[in-house]
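Inspection log for the structure reproduced underneath, given as structure tokens.
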Amino acid sequence: MSVIGTGYLGATHAACMAELGFEVIGLDIDQDKIDSLTRGELPFHEPGLPELLRKHIATGRLRFTTSYEEIGGWADVHFIGVGTPQKAGDIAADLTFVDAATRSLAENISKDAFIVGKSTVPVGTARRLSKMIAEIKNPDISIGFAWNPEFLREGFAVEDTLTPDRLVVGADSAVTEKVLREVYARALAVDTPFISTDFETAELVKVAANAFLATKISFINAFSEVTETVGGDIRTLADAIGFDVRIGRRFLNAGVGFGGGCLPKDIRALQARISELGLERTMRFLSEVDEINLRRRDRVVYLAEDMIGPLAGKKIAVLGAAFKPNSDDVRDSPALDVAARLFNSGADVNVYDPKANANAAKRFPRLKYVDSAFEAATQADLVILLTEWSEFRALVPTELATVVANRNFIDGRNVMPIDEWEHAGWNITALGRKFESKN
């Protein structure tokens, strides 16, 4: 099989398919990226993936190319895993890469084969691409087509590919579906749910899942604004409603909000597509979900000002730059956004993230990036935790107190044991707790 696109999704899928025993070629139009991957080097952090990549380069099951002609005459199944970023100046998805990859495949496939889309796309894309393929392909060959959305969690992408919690396939025929059942035979052998459907439902499953998760996160964050005002505790509230099996506790963690390359982009792209369909009112609530999420970042800056006064000239340690732990992804990261806002307010900001410093520096080079939490906190007037790495959760308050100028701490992820920090003499607060103004 071939995997078109060797970014986060494509590289993971290619390495995992090799692990499942398939012969795999990964294709990308970026020669430098292909050269790096051929050396076993990944441009991003994902636990377990570098080892898998190097293992199957060594076994010979995995190799890389820039040639559509090469894969078109070789592979039986072609997976499309290219990016669908947000359009510049718009909320819609940019389908340039998906369209180009599909067109190039259809032009170069020279034997009977199957094309399987995995990228996250607006509903209607698969049917449009199916027509494109039929118009372009060699009339003497057969090309089956399907949409098979990915459900990867950053930090768990290898696990999610090898042992998925469900498989969704929108196929153009029973033959195409049968091929994908063969591809995923190992997962199906352990009774992984396999949902066979049409193109449109398959496309919608991914964006519906992300929209629901984003809504759940913003729901609890909206209630955290209430608990901050009236004096309640958002964690206890979340625990209490989470016992209801209809609701569940997962993703009811109040904090600085969601980010990354999926949830923000996908809910905005969904709004854009729904608007194109004339259903603006149907998904209007997603605008509020997005707005609540962004408002949490403002709240952190407000708490910082309320805790230490005007920020100009103050030294602030920001712990975290990635949008979530176990990742170096800083796309639409709440942590990096808050750090930038603090800097723009005149603060002297030191940022430390175990994996994301380099990526953060490319996005916001004016911040100072350091090599440890203790270096970031040295002589700080305020420490703010914004990405819940286990390294930060394990910090000992009495030890960190020895390097700061003032013992002020904001827990932007609601993960620290507040009582322990208060016992060590820290003035500490967390989002979702009542905060008494100090100024």
Side-chain angles (χ1 to χ4, degrees), residues 45 155 255-257 259 296-297 299-418 420-422 424-431 438:
H45 172 72
V256 73
R296 303 312 290 154
R297 306 176 188 189
R299 179 63 174 165
V300 176
V301 176
Y302 168 75
L303 287 177
E305 293 173 336
D306 216 15
M307 184 175 272
I308 64 173
L311 299 181
K314 300 291 177 59
K315 189 168 185 178
I316 299 177
V318 169
L319 303 183
F323 86 97
K324 64 179 288 187
N326 301 315
S327 171
D328 63 353
D329 192 344
V330 297
R331 290 175 294 174
D332 209 347
S333 168
L336 188 58
D337 187 19
V338 169
R341 295 183 191 208
L342 295 168
F343 176 87
N344 290 332
S345 295
D348 179 6
V349 182
N350 284 349
V351 178
Y352 167 64
D353 188 285
K355 295 294 182 181
N357 272 8
N359 286 342
K362 294 175 185 175
R363 294 236 171 186
F364 205 96
R366 291 184 294 168
L367 293 170
K368 181 180 179 182
Y369 300 91
V370 298
D371 296 327
S372 72
F374 276 78
E375 185 178 355
T378 298
Q379 292 302 303
D381 298 295
L382 170 64
V383 178
I384 308 179
L385 184 146
L386 293 173
T387 310
E388 63 273 36
W389 286 92
S390 57
E391 176 181 336
F392 301 150
R393 299 176 71 163
L395 287 170
V396 178
T398 53
E399 294 178 359
L400 195 66
T402 63
V403 300
V404 299
N406 295 288
R407 300 183 188 186
N408 295 307
F409 196 106
I410 296 174
D411 178 5
R413 291 295 182 179
N414 255 306
V415 295
M416 306 302 277
I418 298 291
E420 289 183 21
W421 286 77
E422 288 179 337
W426 285 80
N427 173 29
I428 180 169
T429 193
L431 294 180
K438 302 298 186 297

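These numbers come from the heavy atoms of this one structure, side chains and all, not from hydrogens, waters or symmetry mates.
Inter-residue side-chain proximity for D337 and R341 is flagged as met; some heavy-atom pair is nearer than 4.5 Å. For the pair P354/H45, no side-chain contact is recorded, criterion being any heavy-atom separation below 4.5 Å from C-beta on.
Between the side chain of T398 and the backbone N or O of A424, no donor-acceptor pair lies under 3.5 Å. With hydrogens and angles disregarded, no donor-acceptor distance shorter than 3.5 Å links the side chain of K368 to the backbone of V349. Checking side-chain atoms of N414 against main-chain N and O of L431 turns up a donor-acceptor pair under 3.5 Å. Judged by distance alone, the side chain of N344 and the main-chain N or O of A340 form a donor-acceptor pair under 3.5 Å. When atom types are taken as modelled, the side chain of D411 and the backbone of M416 share a donor-acceptor pair closer than 3.5 angstrom. Remark: the backbone N or O of A321 is paired with a side-chain donor or acceptor of D353 at under 3.5 angstrom. Between the side chain of T378 and the main chain of F374, a donor-acceptor pair closer than 3.5 Å is present. Panel note: side chain S327, backbone K324; no donor-acceptor pair is recorded below 3.5 Å. At distances below 3.5 Å, not a single donor-acceptor pair connects side-chain atoms of K362 with backbone N or O atoms of A358. When atom types are taken as modelled, the side chain of T387 and the backbone of W389 share no donor-acceptor pair closer than 3.5 angstrom.
Annotation: the span from L400 atom CG to L319 atom CG amounts to 7.5 Å, rounded to 0.5 Å. To the nearest 0.5 Å, the span separating CD1 on I384 from CG on L303 amounts to 8.5 Å. Between the NZ atom in K355 and the CD atom in E391 there is a gap of 10.0 Å [rounded to 0.5 Å]. Between atom CZ of residue R297 and atom CG of residue L342 there is a gap of 13.0 Å, rounded to the nearest 0.5 Å. How far OG1 of T429 is from CD1 of I410: 7.5 Å, rounded to the nearest 0.5 Å. Between atom CD1 of residue I428 and atom CD1 of residue I418 there is a gap of 3.5 Å, rounded to the nearest 0.5 Å.
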Show your working on side chain to side chain contact (heavy atoms under 4.5 Å, CB included) between R331 and R363 and close with a plain yes or no. CA-CA 9 Å; R331 290 175 294 174; R363 294 236 171 186; 3.0 Å; yes

Would you sort out whether V404 and V383 count as a side chain to side chain contact (heavy atoms under 4.5 Å, CB included), showing the intermediate values? CA-CA 8 Å; V404 299; V383 178; 4.1 Å; yes

Full working for salt bridge (charged side-chain N to carboxylate O under 4.0 Å, His left out) between K315 and D348: CA-CA 5 Å; K315 189 168 185 178; D348 179 6; 5.1 Å; no

Quick one, F323 with D332, criterion side chain to side chain contact (heavy atoms under 4.5 Å, CB included). Give me CA distance, side-chain angles, the key distance, then yes/no. CA-CA 7 Å; F323 86 97; D332 209 347; over 6 Å; no

Passes side chain to side chain contact (heavy atoms under 4.5 Å, CB included), E375 versus N350? Steps please. CA-CA 8 Å; E375 185 178 355; N350 284 349; 6.0 Å; no

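Using cut-offs of 30° and 60° for the angle between ring planes, the F409 and W426 rings count as perpendicular.
Shortest non-hydrogen contact noted between A360 and Y369 is O-OH, 3.1 Å. Closest non-hydrogen pair, N408 versus N427, comes out as OD1-ND2, 3.1 Å. The shortest non-hydrogen separation linking R296 to G255 is NE-O, 3.6 Å. The minimum heavy-atom distance linking L385 with F392 is given by the pair CD1-CB, 3.5 Å. Of all heavy-atom pairs spanning L395 and A373, the tightest one is CD2-CB, 4.2 Å. Of all the heavy atoms in L367 and F343, the pair that sits closest is CD2-CB, 3.6 Å.
Each of V351, L386, V330, V318 was compared with L336 under the side-chain contact (heavy atoms from CB on, under 4.5 Å) criterion, and only V330 meets it.
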